[in-house]
Amino acid sequence: MLHDDTGRTLFEKSRPGQRGTGEIEWDVPRVGLDTLVPAKFRRKKAPRLPELSEGEVVRHFVNLSTKNHHIDKGFYPLGSCTMKYNPKVNESLARLAGFTTLHPLQPAETIQGALELMWRLERMLGEISGMDSVSLQPAAGAHGELTALLVVRAYHLSRGEDRRKVLIPDSAHGTNPASAAIAGFECVTVKSAPDGRTDVEDLKSKLGPDVAAFMITNPNTVGIFETRVEEICAACHAVGTQVYMDGANLNALVGITRPGDLGFDVMHFNLHKTFTTPHGGGGPGCGPIGVKSHLSAFLPSPRVENHEGKFTLAKPATSIGPVHGAFGNFLIMVRAYAYILAMGPEGLANVGHTAVLNANYLYAKIKEGMSCKFDGPYMHEFVLDGSPLKALGLHTSDFAKRLMDFGVYAPTIYFPLIVPEAMMIEPTETESRETLDRFAEIFLEVLRECKESPETVHSAPHNLPLKRVDDVKAAKDLILTHPFE
Amino acid sequence: MTHRFIPRTLVEEKEMLQATGVERFEDLLPAIPAHLRLARPLDVPAAQSEMALSRDIRRLAQKNKGMTEIVSFLGMGWTKHFIPAAVDSIVSRSEFTTAYTPYQAEASQGSLQQIFEYQTMVAEIAGTEISNASLYDGATALVEGLIMACACTKNRKQFALASNLNPRYREVAQTYSASNGWTFHDVAWTADEGALDRASIESVLATNSGKIAALVVQTPNTFGLLEDLSGLTDLCKAAGAVLVVVSDPLANLISDPPGAFGADIVVGEMLGLGLPTSLGGPSLGYLATWKKHLRQMPGRVVGRTVDAEGKRAYCLTAQTREQHIRREKATSNICSNQGLMTVACSVYLALQGPKGLEEVAEQCMTRLAYVRTGLAKAGIKPLFAGTPFQEQAFRLPSGSRARVEAACRTAGLLPGVWLSDLMANVPSETILVCTSETHSKSDLDLLVSILSSAGGAA
Amino acid sequence: MSGSIVPEDLKYAPSHEWVRIDGDVITVGITDHAQHELGDIVFVELPEVGQKVEQGKGLAVIEAVKTVADVYAPADGEVVEVNAALADSAGSINADAYASWIAKIKISGPLSAELVDAAGYKALL
C-alpha cells in the first residue's frame, strides 16, 4: 500500500485553494455577490467542504467503493431483501436523456412517453398482483405502507367510519407498526401460531368494527405461505376490515398466485426487490401500491389517465392527495418496466418458481447443520434457529461475521423476532446451483468452526478490510460528522 | 424454461428437486391451496430481447421533450444544474449501485464512510451539527420535520405554516394531516415584499398558545426571495415551539444558513446538487438538526468508531430510533432512503468545494438579474421587492398568459411555473422564473424577448 | 440465568424491574438479569420529576445498541426524583444494576400484585 488510507475522509485530504471543477464562463455581465446579496444576508462562515482536484475526488470514491460487498461481486443471501441480479440494460435505459432531463412541472403534453410508461407499468403490476388499480408514487416500501393506510383511512371515512386500530402480526417487519403509528393508528399485535403462521383465532378475537386494517406479509417473514389466507380475509371482510398485504416477499408468488386472487384489498410492491431495481446502498426504492376497485378513488394524486393514447394527469376529488413532491422515484419505474418486458409471462413465472426451488434446495443442503423452527417446505426464504450457537458461547452475529470472511454477505439476522437468534436466508432465483452449493459448504464449514475453534468465529471477520467494528462505541460516543480541528 | 437472468437449466432443475426430496415443483407448494394458484400465464407482453425492449423504451423516451430540447425555466425545488462527468462515473459503479443498506459494517465501509461524509457536508451547508442519511425528497423531508417537531414538543400537533411555502410541499403535508390530526395555521406574507409577516407569526402563536409544535418557514420562499430568519427562534422558544426551515442548500452558500439562526430542524431538497431532474425522482430529501434532537430524528445515521484493532471504522448507529427496533414508537417509518443519490451529491459537492458552489450560486443569481433587467425594460416587474436567489416571481399583464404560452410553444421554451395554478392569493398572470448556470445568454435573451413582446403587448 | 445477582431485600416485577420500598416512596431500576440480556446500555430516557405514572405503563426507556426496553411503573404515583447521573453514564447500569436506580416514585395506590420476592424472581429466570 502506498499509504494506509483507512477511514481518512475527504475533509482530511482537503487542501485550501484546490477545486475539482473549472470556472464557468461569464457571457452575461458579472455584477458580483456584494451587489446581488445585501450584507445582512451574506453567509459569514463558509461551509467546510472539501477542496480537492477531480482526480483526487475520483480516486477517493473509487477506493471507498472497493470496500463494499455488492451483488455484482458475490452472493447476498439477505432474507426479506431479495438481493437479486440487477440487469445492466435497465441502468442504461434509465439514463436516457429523454427521461433524466424531465421536470415534474412540465405540461403533460411534453412528457407523454413518461406518462405512457407509468400508465403501462401500473397495468402490468396490476396484472401480476391481481389488483385493480396501482399508484406508483410511494418512494419506498414503507412509504407504500403508509400511503396504503391513508387510502384505507379515507375509504372508511367516506363510509362514515372512524376506525382507529390496525392489527399486525408479531412476526411483521418493523415498518408495519411504524407506518401505522405515523398514519395515526393504534397498533394491536396478533400472535403467531405454533406453525409460524398467523394465529387465526387470536386474529378473530381482535377483529371488530374499530379495526381499519389487518397488515400481513405473505409469504410471511418465516418464509411460509399463509394457508388460511381465504379464511383470514373472510373474517376481516365480515367486519369491514381491509386486508393489507406487505409485498416484501412478493418474489415468491410471481406467476404462482396473485394477492388479489387471495382476497387482499390492498398491497405494496418493492420494485427494488421483486423487480430488480438496484438497492443503491440503501435506496432509492420504489413502493407502488395496488388496490381493489373499491379503494381506487382514494389513490394518491395525480393519476395518469389514458384518453385513446393521449395521457393526462387527473386530480380526483376523493384522492388522499400527493404523498411525494413529484411522481415518486420515476427512474426506478423505468428500470422495473424494462425488467418486466425482458421477462414476459414465462420469465415471470420462472421467477417465483426458481426462487422457491432455490430456497428449498439450499435448506436441504444446510439443515443437517442448522434447522428452522417452523416446518417447510418454504417459499423463497427460510429462517434458521441459531439458538444452538449459544451453547457454544456464540451468537448469530458471530456466525454472520464469519460467513463474510468467505466472500459472501451475511444473512439477515435477529429478524423475525419470533425466532431466537434468527438467521434468514433468501437465495433468490438469480443464483446458480454452483453458488448455492458453495454457500452450503461455507455454511457447514463455519458451523464446524463454531464447534472446533469458536474463538475464530467469535473474533470474525478476519479477511475483510476491517476487523469487528465496535458498534457499542459508535452508539455511546456518537460521532456523526467529521470532527474538524 | 430458461431465461438470461435465471441461471437454471432443466437438467439442474430436475437434480435440485431430487436433492430437495420432491419429484415435481408443485410438491413444494402444499401450503398454497390448489384453487388459489394461477392457472394461466400472466397477461403481460411477451418476453423481449434486450434489443427489442431497448427500442421500445427509447421510443418512449423520445416522446418526451426534455430540457435538452426545450429551454426550461422551471424550478421550484427541482433545479437543473450542470453535472460534471465524474459524478455519473462514480455513481454508476456497481459497488455503490448494487450494494444493500450497510447493516454489516465490515463489508460496507465504502457506503458507510461516504454517507458519513455526506452527513458532514449537509450539516456544514445547513449550519447545524448533524444530518441524517437522507429522506425521499424535499416534500417528504418537510413531513418528517413536522413529525419530528411533534416529538420535540411532547406531541403538540399544530403548526404555524408560512403561506409562501412551496405549495407542493404544503399539499403533501396536507395529505398526511388527514390521518394524524395535524392542524395548520397560515402565516401571512407581507404585501410589499412577499416575506414572512412577523405580526402574523406573533398572532398565530398567541392565538394558539401552548399548542403550536413548530413555526415552518422557507428560504428562499416560493417567490424566490431570501427570508430574514433573525429572531424567529426567540419567538418559537417563547411559545415552546421549534423552528423548522425548508431551505435550498445552494442558497445557503451565499446567505447565512438556517442553522446560523438556531433553526431546530432544517429540511429540503438536494436534487440540484449532482442529480438530474428526472421528472422529480429519484430526488434527495435532507434533514439537518442538532445533537440535542438526535433521539427525535428520523432515518438512518452513520457514526464513526473503531474496529477491534483500533482502526477507524464507520457503522450505522443510534438505531434504537428506527422502525426495525422501535416499531410503532419509531421516530419515522422510513427504511429504504435515497442512498445512491447521496453518492452523487457527495461527489458533486467534493468536486465543487466551497468556491465552486459559491460560483454556481453567483452564476444563477447573475443570470436572474440579467433577466430582471431585461424584463424591466418592457415594464414587467417582479411581484415583490426583496432579494431573489435564483428564482423570482414576475407579474405579467393580465390576460397575457395565453399569448405567452403560444409564443413559448412555438419557440420550444417553458418560461416558468404559473404560480396561480398552485397557490391561492397570487395574481393569475404571475410566473415563477428559475435561472441557473446552464442557461446561456441566448436562452435568457429568448425568454426576455418572448415575455416582453407577448406579455408586454397587452 | 443462574449467574445473575438477585439481592434479597428487593421486590421484583416479572418485566425485570427491581423495587425498593421505603414507606410510600419506591425506588425503581432494572435487574442484573435484564442488563445482561440487553447488553451494553447506551442511553436511558428518564421521566421528569413531577410526572404522573400509572401502574403497568412506561416509566423510562432503556436503549442498548440494537434493542430497546420499556421500564414499567410498578404502581400509580408521581415521580419525585430521577437518577440524573444516568444521562451521562447509562452504562453504569451494566456495571451495577442495583446501584443505578432510575426513578423514585411517591405511590398513590397499591403496588402491582405481580411483584415477587427474590426467591420468586429467581424462579422466573
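Bear in mind that the values here come from a model prediction, so they are computed numbers and not experimental data. Chain letters run A, B, ... following the sequence lines, proteins first and then strands; every chain starts at 1.
Using a 4.5 Å heavy-atom cutoff, the side chains of A:Lys67 and B:Gln114 are not in contact. A heavy-atom distance below 4.5 Å is found between the side chains of A:Ile256 and B:Phe25. Taking 4.5 Å as the limit, every side-chain heavy atom of A:Asn360 sits out of range of all side-chain heavy atoms of B:Val22. Inter-residue side-chain proximity for B:Leu60 and A:Val334 is flagged as unmet; no heavy-atom pair is nearer than 4.5 Å. Residues B:Thr277 and A:Leu102 form no side-chain contact, since every pair of their non-hydrogen atoms from C-beta on lies 4.5 Å or further apart. Using a 4.5 Å cut-off on side-chain heavy atoms (C-beta onward), B:Lys80 and A:Thr101 make no contact. Using a 4.5 Å heavy-atom cutoff, the side chains of A:His353 and B:Ile6 are not in contact. The shortest distance between side-chain heavy atoms of A:Val323 and B:Thr140 does not fall below 4.5 Å.
Atom NZ of B:Lys355 is surrounded by 12 or fewer heavy atoms from other residues, nucleotides or ligands within 6.0 Å. Counting non-hydrogen atoms of other residues, nucleotides and ligands closer than 6.0 Å to CD of B:Glu50 gives a total of 12 or fewer.
Interface remark: A:Ala180 contributes no atoms to any contact with chain B (heavy atom separation under 4.5 Å). Proximity to chain B involves both the backbone and the side chain of A:Val62, based on heavy atoms less than 4.5 angstrom apart. Residue B:Glu117 touches chain A through both its backbone and its side chain, counting heavy-atom pairs closer than 4.5 Å. Of the atoms belonging to A:His143, heavy atoms from both backbone and side chain fall under 4.5 Å from chain B. Heavy atoms closer than 4.5 Å to chain B are found in both the backbone and the side chain of A:Pro29. Both the backbone and the side chain of A:Pro322 have a heavy atom closer than 4.5 Å to some heavy atom of chain B. Of the two parts of A:Ala400, only the side chain, counted from C-beta on, holds a non-hydrogen atom closer than 4.5 Å to a non-hydrogen atom of chain B. For A:Arg30, the parts lying under 4.5 angstrom from a heavy atom of chain B are both the backbone and the side chain. Heavy atoms closer than 4.5 Å to chain B are found in the side chain of A:Leu150, but not in its backbone. Both the backbone and the side chain of B:Ser346 come within less than 4.5 Å of a heavy atom of chain A. Looking at A:Asp477, there are no atoms closer than 4.5 Å to chain B (heavy atoms on both sides), in backbone or side chain. In this structure, chain B has no heavy atom under 4.5 Å from any part of A:Lys73. With a 4.5 angstrom heavy-atom cutoff, A:Tyr76 touches chain B only via side-chain atoms. In this structure, the portions of A:Phe99 lying under 4.5 Å from any heavy atom of chain B include both its backbone and its side chain. Interface residue A:Ile111: backbone and side-chain heavy atoms are both found under 4.5 Å from chain B. Contact annotation for A:Leu96: only side-chain heavy atoms (C-beta onward) come within less than 4.5 Å of a heavy atom of chain B.
Checked against salt bridge (charged side-chain N to carboxylate O under 4.0 Å, His left out), A:Arg43 has no partners two or more places apart in sequence or in another chain.
A salt bridge is absent between B:Arg8 and A:Glu429: the closest approach of a Lys/Arg side-chain nitrogen to an acidic carboxylate oxygen does not fall below 4.0 angstrom.
B:Gln323 places a side-chain N or O within donor-acceptor distance of the main-chain N or O of A:Thr175, the cut-off being under 3.5 Å. No donor-acceptor distance shorter than 3.5 angstrom exists from the side chain of A:Thr430 to the backbone of B:Phe5, with no hydrogens or angles considered.
Of all the listed residues (A:Ala364, A:Pro47, A:Ala181, A:Pro38), the one sharing the greatest number of non-hydrogen pairs under 4.5 Å with chain B is A:Pro47. Chosen from A:Gln112, A:Glu431, A:Lys365, A:Glu145, the residue pairing most often with chain B at heavy-atom distances under 4.5 Å is A:Glu431. Contact count versus chain A (heavy atoms, under 4.5 Å) is highest, among B:Met16, B:Arg4, B:Glu269, B:Arg326, for B:Met16. Heavy-atom pairs under 4.5 Å with chain A were tallied for B:Asp27, B:Asp88, B:Asp137; the largest tally goes to B:Asp137. Counting heavy-atom pairs closer than 4.5 Å to chain B, the top residue among A:Thr257, A:Asn68, A:Val229 is A:Asn68. For chain A, the option among B:Gln113, B:His324, B:Arg168 with the highest count of heavy-atom pairs below 4.5 Å is B:Gln113. For the set A:Ala183, A:Gly347, A:Ala46, the entry with the most heavy-atom pairs within less than 4.5 Å of chain B is A:Ala183. Annotation: maximal heavy-atom pairing with chain B below 4.5 Å, among A:Met124, A:Glu51, A:Met83, occurs at A:Met83. When B:Gly353, B:Pro282, B:Ser336, B:Ala369 are compared by the number of non-hydrogen pairs under 4.5 Å with chain A, B:Pro282 comes out ahead. Taking B:Asn180, B:Leu36, B:Val302 one by one and counting their heavy-atom pairs under 4.5 Å with chain A, the maximum is reached by B:Leu36. Per-residue counts of heavy-atom pairs under 4.5 Å with chain B were compared for A:Met379, A:Glu91, A:Lys44; the largest is that of A:Lys44.
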| request: Decide yes or no on salt bridge (charged side-chain N to carboxylate O under 4.0 Å, His left out) for A:Lys401 and B:Glu106, but give the supporting numbers first. | output: CA-CA 8 Å; A:Lys401 300 288 184 200; B:Glu106 296 84 357; 2.8 Å; yes
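B:Thr120 and A:Thr481 get closest at one heavy-atom pair: OG1-CA, 3.3 Å. Residue A:Leu78 comes nearest to B:Tyr100 through the heavy atom pair CD1-CD2, 3.3 Å, listed as atom of the first residue, atom of the second, then distance. Across all non-hydrogen atoms, the minimal contact from A:Ser179 to B:Asn333 is OG-ND2, 2.9 Å. When all heavy atoms of B:Met121 and A:Pro50 are compared, the pair lying nearest together is SD-CD, 3.7 Å. Heavy atoms only, all atoms of each residue included: B:Asn64 and A:Ala114 are closest at OD1-N, 2.8 Å. Taking each heavy atom of B:Leu28 and A:Pro377 in turn, the nearest pair found is O-CB, 3.5 Å.
Under 3.5 Å, the side chains of A:Asp470 and B:Thr305 contain no donor-acceptor pair of N or O atoms. No hydrogens or angles considered: a donor-acceptor pair under 3.5 Å links the side chains of A:Thr21 and B:Gln352. B:Gln104 and A:His69 are not linked by any side-chain donor-acceptor pair at a separation below 3.5 angstrom, with hydrogens and angles left out of the test. A:Ser65 and B:Arg93 share a side-chain donor-acceptor pair at under 3.5 Å. A donor and an acceptor atom, one from each side chain of A:Arg95 and B:Ser92, are located under 3.5 Å apart.
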